[in-house]
Protein chains: 2
Amino acid sequence: MQNKKNMPLTSQRGDAMPLSPIRKLVPLADKAKARGIKVYHLNIGQPDLKTPQVALDAIRNIDRKILEYSPSDGIKSLRTKLAGYYHRFNIDVTEEDIIITTGGSEAVNFAFMSCLDPGDEIIVPEPAYANYTAFAIAAGAVIKPVFSSIEEGFALPPIQKFEEMITPRTKGILICNPNNPTGYLYTRSEMNQIRDLVRKYDLYLFSDEVYREFCYTGAPYISAFHLDGIEENVVLFDSVSKRYSECGIRIGALVTKNKQVRQNVMKFCQARLSPPLLGQIAAEASIDTPQEYMLEMYNEYVERRKYLIDGLNRIPGVYSPIPMGAFYTVARLPVDDSDRFCAWLLTDFEYNGETIMMAPASGFYTTPDIGRDEVRIAYVLDKEDLKKAIVILQKALEVYPGRK
Amino acid sequence: MQNKKNMPLTSQRGDAMPLSPIRKLVPLADKAKARGIKVYHLNIGQPDLKTPQVALDAIRNIDRKILEYSPSDGIKSLRTKLAGYYHRFNIDVTEEDIIITTGGSEAVNFAFMSCLDPGDEIIVPEPAYANYTAFAIAAGAVIKPVFSSIEEGFALPPIQKFEEMITPRTKGILICNPNNPTGYLYTRSEMNQIRDLVRKYDLYLFSDEVYREFCYTGAPYISAFHLDGIEENVVLFDSVSKRYSECGIRIGALVTKNKQVRQNVMKFCQARLSPPLLGQIAAEASIDTPQEYMLEMYNEYVERRKYLIDGLNRIPGVYSPIPMGAFYTVARLPVDDSDRFCAWLLTDFEYNGETIMMAPASGFYTTPDIGRDEVRIAYVLDKEDLKKAIVILQKALEVYPGRK
């Protein structure tokens, strides 16, 4: 029997969870706003584009009398429609292969919970989306990073680097393509190398492809489902958040042809009963978004990307590779520590009553003490705001005490 | 380096997850429906009552142009309004103490993840809501059950039974009040005993109080927050699902005055970015549901409860205690195995082209092989349907081959 211990302790797991690099500075931003300062949000992938009218109309015209539970794997008509959407990208899946999740986040969470045991390892090129780490910690799994460098535009590291990291505990490889945070788009050759390794060691290939609509260079988008011979190994993460500018509805999907994985994932789905009903209604309608909307959005991001990258690379000491997809870039800044710089921008700097919020890149690396002079910038603001943000960054770097 | 292993293996954790007793028979029910049989759903706490008009109107009148992320802890105006709602029940919390979650389910999940490490134990009176087990497995925690008996109407077992189970790994006690699945409402005296034990060993008191609006006997609802001296130990789970018949919107809350717990929970909140926006809009409006709606709903459940319990106890061999709250009862049936009986009802029985679906109680017990002759029945159907369901149960028991 234990003694009285004065206060319940929180979990070591919880204590070990990192603060989100995307959101940890929010309290500082709130304080800046309270001081009357306008903050341009380059920290989070929250597009400023309007949600498609068809989605808003579906919500406004809802004729249900009871907002009841939906099936644990999602409304069937949504799954069927999503399968049709994937067919447009030559992803050959049926509604049976699709499980609707509460955002792409839950797809990651349930995949890790269903496929990985405590101590199991997954190999991930870094920098990587920070919340993979959070969900790995929740599952007790270990992320083994393979370093990709800004000098090489964050291309896939040599596949030998991945192979060297394989141990008896390795259960999978995780990629994000097009990549968040780097904007890199994996080539056919790189994807084939991953495929061969996955096949050789019979690993899971967790593939986060939520940015597939955002590919800017004419290079093809290669889905993990386009790779022959590893159909049962692929677990795809998807989300409607980014492509229809509806991050708040929390609708994503886990797609896999591996029945055993689906059966395990479904247990977690049943435990949380069902994904959000209203979001599913909006998501289903969104799949009918007119092509003009998608094209307009695409053109807008093409321009923003050019505008941002040109602007960044014109600031003395700043370097950004040219991202090929998604709507982020990881840029190198002439600063001592981007965590400190990003906080300083919110606590000690303003230019004409305005400042910017960026995500320090340290949170996207698993290896300690790298990326300390890098930031992730989301180009989710219109060109006028991006222009102001670039000026603010330039002015800030001129006076930042930790300038290198 | 590992050898090729033919197929990736799912996780032992996932394999260990139980199928939900509430949903595991759904495939059989679907097949029965496909054969043209009408199935009355007594298995799931999905009320048939209309969602309040104010909630539906809030959704229909939504005037947002972008369905964007909300704050990770939920929209502030919702949290403020919820604090006001709790004040009506003499629960003295502020919006700072409230974190909005994706259903009550996520509140349970994040509490376990934030407070419990693998191997940590929580003591739970059984039978208990089955998904606690699922979330405990996800967190690697261990549920230590204390048996409560149908003969005593599922009252709190003697507090000594709890104290005997305390080990150095015990981190908390979990109660559900009013109780799902039993309908039991803990008395002031029982709650004080729990309080004393929680204080003596400085444990967490996880308190699921989503059914507080459903108390039928005039006995008071005692919240964990009504107990003096353990304010920092209480982690309350709440949900708008049941009281406003809007289970599908997936909005719940985790409420605690323990700042350290909130800080840890917020890391999990940030990892999943935000709770559902549309659901939050509906939930906020729901708090203004007119008193007439609440009263009408209450009276409806009072009648259904009387109707169901009277009906059950009139069937030869069937026994149900009188539930004091929530909208469930655990009844004893004269059958060999309620899992087999509930499946048989869907696969081999019909009465005038109709049958019923119930949740076998085995899934609500952690101890193996108890409750095998019990079922959980949710009285979420109108009296006409309940009447038919009771007749079907009676007719089925007359011919069930495993009748005892």
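We name chains A, B, ... by the order of the sequence lines, and we start the count at 1 in each one.
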- Honestly, the part of A:I137 sitting under 4.5 Å from a heavy atom of chain B is neither
- For the atom pair CD (A:E106) and OG1 (B:T102), what is the distance rounded to the nearest 0.5 Å? 8.0 Å
- Give, as side chain, backbone, both or neither, the part of B:S70 having an atom under 4.5 angstrom from any heavy atom of chain A. backbone
- Message: Need one label for B:S20: side chain, backbone, both or neither, based on atoms under 4.5 Å from any heavy atom in chain A.
- Response: both
- Message: For A:S11, which atoms come within 4.5 Å of any heavy atom of chain B: side chain, backbone, both, or neither?
- Response: both
- Looking only at heavy atoms, the pair that brings A:F268 and B:G14 closest together is CE1-CA, 4.0 Å
- Item | Heavy-atom contact with chain A under 4.5 Å, split by part of B:I44 | side chain
- Between B:P118 and chain A, which part of the residue has a heavy atom less than 4.5 Å away: side chain, backbone, both or neither? both
- Query: To the nearest 0.5 Å, how far apart are CZ in B:R23 and OG in A:S274?
  - Reply: 5.5 Å
- Message: What's the separation between atom CD in A:E68 and atom OG in B:S241, rounded to the nearest 0.5 Å?
- Response: 12.0 Å
Please list, one pair per line, the donor and acceptor atoms closer than 3.5 Å that link side chains of residues 55-65 of chain A to other protein atoms, with sequence neighbours excluded.
{"residue": "A:D57", "atom": "OD1", "partner": "A:Q53", "partner atom": "NE2", "Å": "3.0"}
{"residue": "A:R60", "atom": "NE", "partner": "B:I62", "partner atom": "O", "Å": "2.9"}
{"residue": "A:N61", "atom": "ND2", "partner": "A:D57", "partner atom": "O", "Å": "3.1"}

- Query: Any side-chain heavy atom of B:N264 within less than 4.5 Å of one from A:D15?
  - Reply: yes
- residues 129-136 of chain A vs chain B, non-hydrogen distance cutoff under 4.5 Å, contacting residues -> A:Y129, A:N131, A:A134, A:F135
- Task: Start with the C-alpha distance between A:E246 and B:L277, add both sets of side-chain angles, then the distance that settles side-chain contact (heavy atoms from CB on, under 4.5 Å), and finish with yes or no.
- Result: CA-CA 10 Å; A:E246 55 193 18; B:L277 171 70; over 6 Å; no
- For A:K144, look at atom NZ and say whether over 12 heavy atoms of other residues, nucleotides or ligands are found less than 6.0 Å away. no
- Query: Got more than 12 heavy atoms from elsewhere within 6.0 Å of NZ, B:K33?
  - Reply: yes
